[in-house]
Amino acid sequence: MSILLSVGGAGAVDSSLFKQKSDKNAPIVFQADEVEYDDKLALTVAKGHVEISQSGQVLLADTVTYNQKTDTVTASGHISLLLPTGEVVFADFMELRDSMNNAFAENVRLLLADRSRLAANAVRRVNGNRLELRRGVYSPCDLCKNDPTAPPAWQLKAREISDDKELKLIEFRDAVMEIDGVPVFYTPYMSQPEPTVKRASGFLTPSFGNSSTVGFHVAVPYFLVLGPDKDLTVAPRFTSRGGPLLASEYRERFGNGYLDALGSINYSNVGSGNNSTTGHQVRGHINAFGNWDIDETYRAGFAAQRASDQTYLLRFGFGNPLLNALISRAYLEGFQPRAATDINAYLFQPLTPGLGDSTQPIVLPVANRNWQSEPGVWGGLLKANANLLNIVREVGTQTRRLSLGGEWDRTFRDGIGGEYTFQATLRGDAYSVSDLSPKSNPDLPSAYFPINGMPPGERIGYNFLAARAFPQLGLTWHYPLIRRGEDTTALVEPIAGIYAGPAGGNRRRIPNEDSLGYEFRDSDLFRPDRLAGYDILDTGQRVDYGLKAGLYNKEGGSYRFLIGQSLRAQPNPFLPPASGAAQRLSDVVGRIVLAPSSYLDLIYRFRLDKSTLSNRSQEVGVSVGPQSLRVGANFLMVPAQQLNEVVTNPATGQTVVFGKREQLTFNATAKLTRYWSLAGSETVNLTNSTNLINGVATPQSSNKSLYATLAAIYQDECMAFISAVTQSGIRSGDVTPGVSVMFSVVFKNLGEFGGNILSVSGNSL
């Protein structure tokens, strides 16, 4: 084996000194200020800035001695050993054998690849892949700059510590955790994956808590690695008043997609939090998602969300979905340069008490195909779309719909700065309806159906075919007036749009499945078709007019304003009466956006009554302050609806007549120090109004405070601590308003410890 020997930096010679027998092909690079060699003893002594490098390992020391007979290297004085894995070992004395694969050292300090630290009285290195430490201390925390001798934020002391590079496992025996130098926890044995390991089988941090609905509960999750592309987490949970529960999550990655499935099973009494066995049954839920790429154009996937009953998710802490309904979906999607296709199937499960599944729509399927041409077709852009819908129900209306539409757009300018956008659209809809019923579609006129044994006021067929065609022309005009200054640019832009189509086309007996709950907003101005779905047409002739203004400074700040209104040639009685756009003259809508700097963001949306200019609805959002102290507020005000203004949620089939709604939400975040911060929020109900849900008067809230939380957060380079107090005003079945206290501590490279330590009914601790 060839050795490069450099003495005093004067040159290099070929030598067989420091010959190693474990890797005959690995060269050694050796350098020192002074080298002495004894032939009789076969002993080489290097002194002064000694550096030995072999197989990616670098040894630095003041003095290094190599005994060729015993094949042993000893080092002393300012020793540091850089390993190929990135760790650095510091020691007072070190002995190495077999190409430095076996070693012994005293008074050792290790700097790991993630800047964590290990220290020990003695260390052995075995076969190049295992470190064994005696009387060791481990901590990922930085030492205090002012007092390096002070204990770190936390450290783990152990009688023995072993680090197996082949198994990628660190083991502690007789371990004591100290926080700020104070012992707080002892365990005879503990193991953890190396910091470089992203996934490893083992027990995760237990969680525990107490609540009024399930009593005291504790969960001990176990994480199982099934392969490089899949894993399983099993979390048995034991409760004193809610029965045993088993939750699990399976995850798998494929070459073209992923699968993530979460589920649980429980045996308890539905709707009760006591220990009685009356009514006990198997309960549970599933929440699974998957997505796979079929080729470069198409992908397919699904979402499965079901629960055994309506209060299960809230009672056991899985949370309720946004629409208060579980939505299962299967889909196929395709994306091309100028076209898109999507086919979806939906199944809904409402979580509102008293609302069953039988009248919910089962969508099998809804399909859309959209296409647009290259620019330049007759000087503009040509678009086409097709929609197919099939809805079935266990009880109620069965609807099938086919819609075909086309649109041609062209933009042009005049010679004085005006910009015009011309649109011509044509849409045709065909319906096949059977079993027309108010049970599933309560927005249908009551005159079509018998009431209290009396015959219907207007007899119609409940099974029918229907078709319609709807052409529409639109012309939108913009005239931006701009003035540029040294620091600011001002914009004033009057806008007007004319949209014309037949006044007819809507029919009362066509069930409205996808155009429910419309409300006129500022974003609806200057749009030919303002409704989201297909079932209700935005018919007739109208003019939209408004004014947009803005002031923009060169530093990036801006002040923007929009106000507008719509005038129709005839009212559209198919729009909700409280929408603000059903009559000939619409309400006035607009928005104000103020963002002068990064320290202030404000947006105000409004709808004013067309006659009195009183507020019909308001939304205000404001955020003030630097990132170290950010305060925000949101206000929502919506007037009470009339009985004939029923709104049906298309996702759940739930009918609601809303009372007056006024809600105010505050939130604030404050960074107190480098490591400490506070965050808090509260949503307050400002009215005592009730809603009519499925015809039953229901309070909007049993509490002035709908939701409030205050959290204190500590986070440094090696640990995080979160403590939060949360108050909820939600009442649903056996879920009652209450207060909970939570804490969580995360130790870098060790994991998380914490849970809900208190959860009680009522409004205060």
Side-chain angles (χ1 to χ4, degrees), residues 297-298 300 329-346 361-392 397-411 421-434 436 441 461 463-476 497 499-516 518 524 527-542 572 574-575 650:
T297 301
Y298 290 95
R329 174 192 178 207
Y331 60 90
L332 173 69
E333 297 175 330
F335 304 94
Q336 296 168 300
R338 312 200 72 83
T341 303
D342 65 88
I343 303 173
N344 290 269
Y346 292 97
I362 302 173
V363 183
L364 292 173
V366 56
N368 294 281
R369 173 68 176 177
N370 297 285
W371 170 87
Q372 68 179 27
S373 69
E374 294 280 351
V377 177
W378 304 313
L381 190 66
L382 185 64
K383 303 176 183 178
N385 73 282
N387 172 268
L388 176 67
L389 173 68
N390 179 45
I391 289 180
V392 298
T397 308
Q398 322 290 310
T399 304
R400 291 155 292 278
R401 183 189 66 212
L402 174 63
S403 295
L404 299 174
E407 178 181 331
W408 180 71
D409 301 342
R410 183 181 177 184
T411 299
T421 300
F422 176 76
Q423 296 172 296
T425 63
L426 175 63
R427 198 181 95 200
D429 304 321
Y431 286 86
S432 172
V433 178
S434 57
L436 193 68
N441 300 83
N463 305 283
F464 59 88
L465 300 175
R468 65 189 179 189
F470 182 70
Q472 189 179 44
L473 299 177
L475 180 65
T476 307
Y499 310 99
N506 289 315
R507 302 181 187 179
R508 291 290 185 187
R509 67 174 182 167
I510 293 178
N512 184 3
E513 303 281 7
D514 62 3
S515 302
L516 297 161
Y518 172 74
D524 293 325
R527 292 176 52 197
D529 184 4
R530 299 176 295 189
L531 297 171
Y534 290 84
D535 291 331
I536 300 297
L537 298 172
D538 197 0
T539 60
Q541 304 86 48
R542 76 174 198 272
N572 187 347
F574 287 82
L575 295 178

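FYI, side chains are in, hydrogens and waters are out, and symmetry mates aren't considered; it's all heavy atoms of this structure. Here, residue 1 is the first one in the sequence, and each next residue gets the next number.
In this structure, CG on Leu436 lies 8.5 Å from CG on Asn463, to the nearest 0.5 angstrom. Interatomic distance, Gln423 CD to Trp408 CH2, rounded to the nearest 0.5 Å: 11.0 Å. Annotation: the span from Ser515 atom OG to Arg530 atom CZ amounts to 13.0 Å, rounded to 0.5 Å. Remark: Phe470 CZ to Arg427 CZ distance equals 8.0 Å, nearest 0.5 Å. Note that the CG atom of Leu531 and the CG atom of Asp538 stand 5.0 Å from one another [nearest 0.5 Å]. In this structure, CD1 in Ile510 is found 10.0 Å from OG1 in Thr399, a value given to the nearest 0.5 Å.
Applying the salt bridge (charged side-chain N to carboxylate O under 4.0 Å, His left out) criterion to Arg369, with sequence neighbours excluded, gives no partner residue. Applying the side-chain contact (heavy atoms from CB on, under 4.5 Å) rule to Thr425 yields the partners Glu407, Gln472; only residues at least two apart in sequence or on another chain are considered. Shown here are the salt bridge (charged side-chain N to carboxylate O under 4.0 Å, His left out) partners of Asp409, two or more places apart in sequence or in another chain: Lys383. The salt bridge (charged side-chain N to carboxylate O under 4.0 Å, His left out) test applied to Arg507 returns no partner, not counting sequence neighbours. In this view, Arg401 and Asp514, Asp535 satisfy the salt bridge (charged side-chain N to carboxylate O under 4.0 Å, His left out) rule, not counting sequence neighbours.
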Which atom pairs, one a donor and one an acceptor, fall under 3.5 Å between side chains of residues 370-382 and the rest of the protein, sequence neighbours left out?
| residue | atom | partner | partner atom | Å |
| --- | --- | --- | --- | --- |
| Ser373 | OG | Leu382 | N | 3.1 |
| Ser373 | OG | Leu382 | O | 3.4 |

Practice problem: Take Glu513 and Tyr534, measure what side-chain contact (heavy atoms from CB on, under 4.5 Å) needs, and give me the verdict at the end. | Solution: CA-CA 9 Å; Glu513 303 281 7; Tyr534 290 84; over 6 Å; no
Exercise. Under the side-chain hydrogen bond (donor to acceptor under 3.5 Å, both in side chains) rule, what do Asp524 and Tyr518 come out as? Steps first, then yes or no, please.
Key: CA-CA 11 Å; Asp524 293 325; Tyr518 172 74; 3.1 Å; yes
Quiz prompt | Verdict with reasoning, Asn385 to Asn368, per side-chain contact (heavy atoms from CB on, under 4.5 Å) | solution = CA-CA 7 Å; Asn385 73 282; Asn368 294 281; 5.9 Å; no
Exercise. Run the numbers on Asn344 and Asp342 for side-chain hydrogen bond (donor to acceptor under 3.5 Å, both in side chains), then give the verdict.
Key: CA-CA 7 Å; Asn344 290 269; Asp342 65 88; 3.1 Å; yes
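Asn390 places a side-chain N or O within donor-acceptor distance of the main-chain N or O of Leu364, the cut-off being under 3.5 Å. With hydrogens and angles disregarded, a donor-acceptor distance shorter than 3.5 Å links the side chain of Asn572 to the backbone of Leu537.
The two atoms that bring Pro365 and Ile343 nearest to each other are CB-CG2, 4.0 Å, heavy atoms only. Taking both residues in full, the closest heavy atoms of Arg400 and Ser434 are given as NH2-OG, 3.1 Å, listed atom of the first, atom of the second, then distance. Counting all heavy atoms, side chain and backbone alike, Thr397 lies closest to Pro511 at CG2-CG, 4.0 Å.
Between Asn387 and Val366 the shortest side-chain heavy-atom distance falls below 4.5 Å.
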